[in-house]
Number of protein chains: 2
Amino acid sequence: MKTETRKDEIIKTAAKLFKEKGYSAVTMRDLASAMGMKAASLYNHIKSKQQILKEIIITLAEEFTSGLRQIQQSEKSNIKKIEEVVKLHVKIASQNPYGMASLNNDWMHLEEKLDYYLELRTNYEEELREIIAEGVKKDEIIDENIEIMLFSILTTLRSLYSWIPKKEYRNPEKLSQQLSTVLIQGINKN
Amino acid sequence: MKTETRKDEIIKTAAKLFKEKGYSAVTMRDLASAMGMKAASLYNHIKSKQQILKEIIITLAEEFTSGLRQIQQSEKSNIKKIEEVVKLHVKIASQNPYGMASLNNDWMHLEEKLDYYLELRTNYEEELREIIAEGVKKDEIIDENIEIMLFSILTTLRSLYSWIPKKEYRNPEKLSQQLSTVLIQGINKN
DNA sequence: GTCTATATGGGGATAGAC
DNA sequence: GTCTATCCCCATATAGAC
């Protein structure tokens, strides 16, 4: 557990601002002002605006990748694996909802690391697709269009960051369980 | 059916660019270049960059508002109403996937019309919440956390624009039906 | 209706004093 | 580690010729 450096503070503050207005609309002067300093001073801690975005996004993308890999390697039913994926998203989004906004909305502004990010993203989708396809094959999951099931689940999980800061969702265990119910069982009573 | 004016073309092209990089990162030079003209020439057709965003977003927001009002006033079961809401989103997103990106991601860059937009958005969510709450009360919908059901459905519908341009989803009827199944019945087989 | 030229402001980033 | 001053570039938008 390292102590938080000034650089970490800057990145955290930047993520908060990026969530409100997006990467392109946030200026280094905005960021400096939120930190209580002048824009030029930021550059003693970070190399560039682009580096801030890169650190926010790549860190999160790698967390998802390694989290999913662990789930994939476990010996659970595919429905259980999906429940674990829900937990993974709730956990990461709870810890860092601001960063999640950049991951979802500002990845296209990555320069150097864009290809790497896209690779992680594509692989993530592909692995989740395989969990669903396996579930269909083993009769755990209905034989409906896999892409629709995949994107329905994934887009809900990806937008978690936008409502997780609200009061009702401070209990990650409970939220994960309720969300799994809705995503897996649907909302229909009959 | 009016013929498409140059202004309409500019707005359509702008929406396409906004979808790729977001409002703030698209310059009037980018837009002009995509239109095969110089930036200054754009101003013979539109008043400002801000006006383009406003037209894209407010038009769509009003379409959703009036669409939902019609559904709300019909005499259907609440589950049927949700199916109609799915159809509404599929229809609008199919007609204008580029504009939907701005509606979802760039509304915070609205200046003059921001408050109006937020009012429409809040009302939309509130009406949909009431449909779900009614459904729970009448035993059509499970008695699970309403906010979670609402946001799970809504975020899936809101992100439709990002995957609707793909080949498999060109049939709005079929897509609506499959998506309703997944959202309402879930994915579980047992 | 499109162009060139330009006004005006703000962006990211660096130099060098303290 | 923070500041002031500044560089250089590009943003939106307008004026006025063709």
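In the text below, chain A, chain B and the rest are named by the order of the sequence lines, each starting its count at 1.
dG12(C) atom C1' lies 16 Å from atom CG of L17(A), rounded to whole Å. In this entry the distance linking NE2 of H45(B) with C1' of dA13(D) reads 15 Å, nearest Å. If you take CD of E111(B) and C1' of dT12(D), they are 11 Å apart, rounded to a whole angstrom. Look at CZ on R6(B): it is 9 Å from P on dG1(C), rounded to the nearest Å. In this entry the distance linking CE of M37(A) with C1' of dC3(D) reads 11 Å, nearest Å. In this structure, the CD atom of Q50(B) is 18 Å from the P atom of dA11(D), given to the nearest Å.
At the phosphate of dC3(C), neither OP1 nor OP2 sits under 4.0 Å from any side-chain N or O atom of K38(B). OP1 or OP2 of dC3(C) sits under 4.0 Å from a side-chain N or O of S41(B).
Within residues 20-31 of chain A, the residues that have a heavy atom under 4.0 Å from DNA chain C are, in order of number, V26(A), T27(A), M28(A), R29(A).
For K38(B), there are no salt bridge (charged side-chain N to carboxylate O under 4.0 Å, His left out) partners two or more places apart in sequence or in a different chain. Partners of W107(A) by ring pair (Phe, Tyr, Trp, His ring centres under 6.0 Å), not counting sequence neighbours, listed by chain and number: Y117(A). Shown here are the side chain to side chain contact (heavy atoms under 4.5 Å, CB included) partners of Q51(A), two or more places apart in sequence or in another chain: K7(A), I46(A), K47(A), S48(A), E55(A). When the side chain to side chain donor-acceptor pair (under 3.5 Å) test is applied to Q50(A), the partners found at least two apart in sequence or on another chain are Y23(A), E111(A). Taking the salt bridge (charged side-chain N to carboxylate O under 4.0 Å, His left out) definition, one finds that K174(A) meets it with nothing, sequence neighbours left out.
The aromatic rings of Y124(B) and F64(B) lie perpendicular to each other, with more than 60° between the two planes, well past the 30° mark.
A salt bridge between K12(B) and E4(B) is present, with a side-chain N of the basic residue lying under 4.0 Å from a carboxylate O of the acidic one.
Within the structure, side chain to side chain donor-acceptor pair (under 3.5 Å) pairs that include any residue of residues 57-71 of chain A comprise E62(A)-Y116(A) (at least two apart or interchain). For the salt bridge (Lys or Arg N to Asp or Glu O under 4.0 Å) condition, the pairs that include at least one residue of residues 135-161 of chain A, sequence neighbours left out, are E125(A)-R158(A), R129(A)-E147(A), E134(A)-K137(A), E134(A)-K138(A), D139(A)-K189(B).
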N/O-N/O pairs, protein side and nucleotides 14-16 of chain D side, under 3.5 Å:
none

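In this structure, K49(A) and G36(B) both approach DNA chain C, and ranking their closest nucleotides by distance from the 5' end singles out G36(B).
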